[in-house]
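What follows is one structure encoded as structure tokens, with my remarks underneath.
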There are 2 protein chains.
Amino acid sequence: MTAPSLPLAEFVVGVDNVIFSVDTDQNRLLVLLVQRQQVPFAGYWSLPGTLVRQGESLEAAAYRTLAEKIRVSNLYLEQLYTFGEPARDPRETTYGKRYLSVSYFALVRFADAELIAGGECPVQWFALSTCPELAFDHNKILAYGHRRLCNKLEYSPVAFDVLPEYFTLNDLYQFYSTVLGANFSDYSNFRSRLLKLGILQDTHQKVIRGAGRPATLYRFDREAFAPLKDKPLVFV
Amino acid sequence: MTAPSLPLAEFVVGVDNVIFSVDTDQNRLLVLLVQRQQVPFAGYWSLPGTLVRQGESLEAAAYRTLAEKIRVSNLYLEQLYTFGEPARDPRETTYGKRYLSVSYFALVRFADAELIAGGECPVQWFALSTCPELAFDHNKILAYGHRRLCNKLEYSPVAFDVLPEYFTLNDLYQFYSTVLGANFSDYSNFRSRLLKLGILQDTHQKVIRGAGRPATLYRFDREAFAPLKDKPLVFV
DNA sequence: ACAAAAGTGTTCCAGGTACACCCATGG
DNA sequence: CCATGGGTGTACCTGGAACACTTTTGT
């Protein structure tokens, strides 16, 4: 960055989070939204976001926003994209400063995700399929996040950050199906592919859920996975 | 982004470009650097960057920076990552504002890239292998860009944005070899894979370069590629 | 004739797809 | 004993890896 020769833009920098979760029981892909209480877009639902504070990194701001809305111990988070075109926020006209949003993408474990009520604004999971029109350019950000989620799932083990520690292969399959849509793969082929990777520990424990043969519980073997890191893995 | 409860960080927003090019003749992967004339880091080489102006989008700022250093008609450009931790720029202490850098990644055609001399600071291509220690956190940004370049090449047709319109299969092979390192694939396998994709038009023209059998000139068939867009293609 | 570069073909094997089929449990 | 879900096995095919071989040029 060198010296300017024309008036520089002044910026307000915030962080917006696309927080996904997967409800495997109901086969729903969920996104966390908050309902705005102030203008602009009062009453609209939007992605949870915040402005960045002094001494706070962008990622820390993302974690803070998340922690304000939801109590969760297991999650995956990474930076998504930065949106900063002129006029993406109507407040730009009011205050004469551009609103830049660094968006983050998160995937959280649904089972232990506890929404924090009693905050300033209502917080709620929405099925992605029934997601309303959002404030600002948040639909665009959400779409971007959804694409990233699908890609991440296919070539990285984020699913295991978010599944319970012990899970059946069917749990895993349901998880992938819910996110990627059905027909992403045959179940038995999915099984053998995953098992062949050698990153699942067989606990030899069985679990019975309703009728049918008991299912084996597996856990993700981080040590076995470590050497495969950065390798082009396929989980599809 | 909601109302704050603690002092907000103030930001200066800039754009930094990781501009790559491939010199297929000498088999070198190049990155464009400029030598800083002012403090901090006076004398150090750095990525070409600029501060964002009023009414200018981030991408426009990236294009402007590029255009100030280099005249080029064929290129590929996309956003890379946003760096905004506290203290990433020493000027933060001086001016009390945080320096946020939205980095962009570009790949330009080497043949018609003409460096613009006579600007404020020296501009020069560096072979990636002989790249010096850079100003700020630019080595980190560069490393990030290099990873992106390798990934992009493998599953998207950026190479064709940057090769001459008519090229031989060997040109294409050299290009990939230079970026991904030798041994990325056998030449004859590379040939058949690319031809089988059906996205290369045989012009039936031959070109003779020194000894050896004349090579067929191909061109990228954008129409044939269109339906394959967004599909998981492999160019490796 | 020989080297150099372009281009073709062949063999082998890993891994994906699409199924059919067997196993263990509840009702 | 049958429905339900878990789990195994197989036959087929595609596509990559390695490498031998042929073709067309310059010297």
Side-chain angles (χ1 to χ4, degrees), chain A residues 24-27 153-155 163-164 166-178 180-219 227-228 231-236, chain B residues 24-27 150 153-155 163-164 166-178 180-219 228 231-236:
Chain A
T24 30
D25 290 337
Q26 295 193 57
N27 257 60
L153 264 199
E154 293 186 6
Y155 63 78
L163 280 170
Y166 299 95
F167 52 86
T168 70
L169 283 172
N170 198 46
D171 290 339
L172 191 57
Y173 182 70
Q174 292 309 324
F175 185 90
Y176 274 83
S177 296
T178 302
L180 303 177
N183 316 329
F184 81 96
S185 169
D186 182 274
Y187 172 62
S188 66
N189 292 330
F190 178 80
R191 278 184 58 85
S192 35
R193 203 178 318 120
L194 261 291
L195 289 176
K196 194 160 42 177
L197 287 178
I199 57 177
L200 298 184
Q201 274 178 5
D202 187 339
T203 66
H204 300 289
Q205 294 179 51
K206 306 286 177 182
V207 62
I208 297 177
R209 303 216 260 250
R213 178 172 171 173
T216 307
L217 284 176
Y218 290 87
R219 60 186 299 182
L228 304 176
K231 301 275 152 73
L233 270 191
V234 181
F235 292 89
V236 177
Chain B
T24 30
D25 290 338
Q26 295 193 57
N27 257 60
C150 294
L153 266 199
E154 293 186 7
Y155 62 79
L163 281 170
Y166 299 96
F167 52 86
T168 70
L169 282 172
N170 198 45
D171 291 339
L172 191 57
Y173 181 70
Q174 292 309 326
F175 185 90
Y176 274 84
S177 295
T178 301
L180 303 178
N183 317 329
F184 83 95
S185 169
D186 182 274
Y187 172 62
S188 66
N189 292 329
F190 178 81
R191 278 183 60 83
S192 33
R193 202 178 319 122
L194 261 292
L195 289 175
K196 194 161 42 178
L197 287 178
I199 57 177
L200 299 183
Q201 275 178 5
D202 187 338
T203 66
H204 300 289
Q205 293 179 52
K206 305 286 177 181
V207 62
I208 297 176
R209 304 217 260 249
R213 178 171 170 175
T216 308
L217 283 176
Y218 291 87
R219 60 185 300 183
L228 304 176
K231 300 274 152 76
L233 269 191
V234 180
F235 292 90
V236 177

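Each chain gets a letter, A, B and so on, in the order its sequence line appears, and its residues count up from 1.
- Under the rule for a ring pair (Phe, Tyr, Trp, His ring centres under 6.0 Å), the partners of A:F167 that lie at least two apart in sequence or sit in another chain are A:F160.
- Using a 4.0 Å heavy-atom distance criterion, B:R209 is classed as making no nucleic acid contact.
- Scanning all heavy atoms of the two residues, the minimum distance from A:F175 to A:L153 falls at CE2-CD2, 3.7 Å.
- Put simply, OH on B:Y187 is 8 Å from C1' on C:dA5, counting in whole angstrom units.
- B:T168 places a side-chain heavy atom less than 4.5 Å from the side chain of B:L217.
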Would you tabulate the pairs of protein nitrogen or oxygen atoms and nucleotide nitrogen or oxygen atoms of nucleotides 10-12 of chain D closer than 3.5 angstrom?
none

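- Residue A:N170 contributes atom CG, which lies 15 Å from atom P of D:dT4 at whole-angstrom precision.
- With sequence neighbours excluded, no residue forms a side-chain hydrogen bond (donor to acceptor under 3.5 Å, both in side chains) with B:T203.
- In this structure the side chain of A:L200 never reaches within 4.5 angstrom of the side chain of A:R219, judged on heavy atoms.
- Residues passing the salt bridge (Lys or Arg N to Asp or Glu O under 4.0 Å) test with B:R193, sequence neighbours excluded: none.
- For the pair B:L194 CG and C:dG7 C1', the computed distance is 14 Å after rounding to whole Å.
- Between the B:Y173 side chain and the B:S185 main chain, a donor and an acceptor come within less than 3.5 Å of each other.
- Counting to the nearest Å, the C1' atom of C:dG16 and the CD atom of A:E154 are 15 Å from each other.
- To the nearest angstrom, C1' of C:dG26 lies 17 Å from NZ of A:K206.
- The B:K196 side chain lies nearest to D:dG16 when the options are D:dG6, C:dA20, D:dG16.
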Can you pull every protein N or O that's under 3.5 Å from an N or O on nucleotides 24-26 of chain D?
residue : atom : partner : partner atom : Å
D:dT24  : O2   : B:R213  : N            : 3.2
D:dT25  : O2   : B:G212  : N            : 3.2

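- Partners of A:R213 according to the salt bridge (Lys or Arg N to Asp or Glu O under 4.0 Å) rule, which considers only residues two or more places apart in sequence or in another chain, do not exist here.
- Residue B:R193 places its side chain closer to D:dG16 than to any other of D:dT8, D:dG16, C:dG9.
- For A:L195, counting side-chain heavy atoms from C-beta on, the closest listed nucleotide (C:dA6, D:dT8, D:dG16) is D:dT8.
- Rounded to whole angstrom, the span from the CG atom of A:L217 across to the P atom of D:dG6 amounts to 12 Å.
- Listed pair A:T216 / D:dG7 meets the phosphate criterion, a side-chain N or O lying under 4.0 Å from OP1 or OP2.
- Ring geometry for A:F184 versus A:F190: interplanar angle over 60°, hence perpendicular rather than tilted (30 to 60°).
- The nearest whole Å value for the distance from the CG atom in B:D202 to the C1' atom in C:dA6 is 13 Å.
- For the residue pair A:S188/A:D186, the side-chain donor-acceptor check at 3.5 Å is satisfied.
- The nearest whole Å value for the distance from the CZ atom in A:R191 to the C1' atom in D:dG5 is 11 Å.
- Nearest-nucleotide assignment on DNA chain C puts the 5′-proximal partner with B:T168, out of B:T168 and B:S192.
- Side chain of A:D186, nearest nucleotide from C:dC19, C:dA6, D:dC19: C:dC19.
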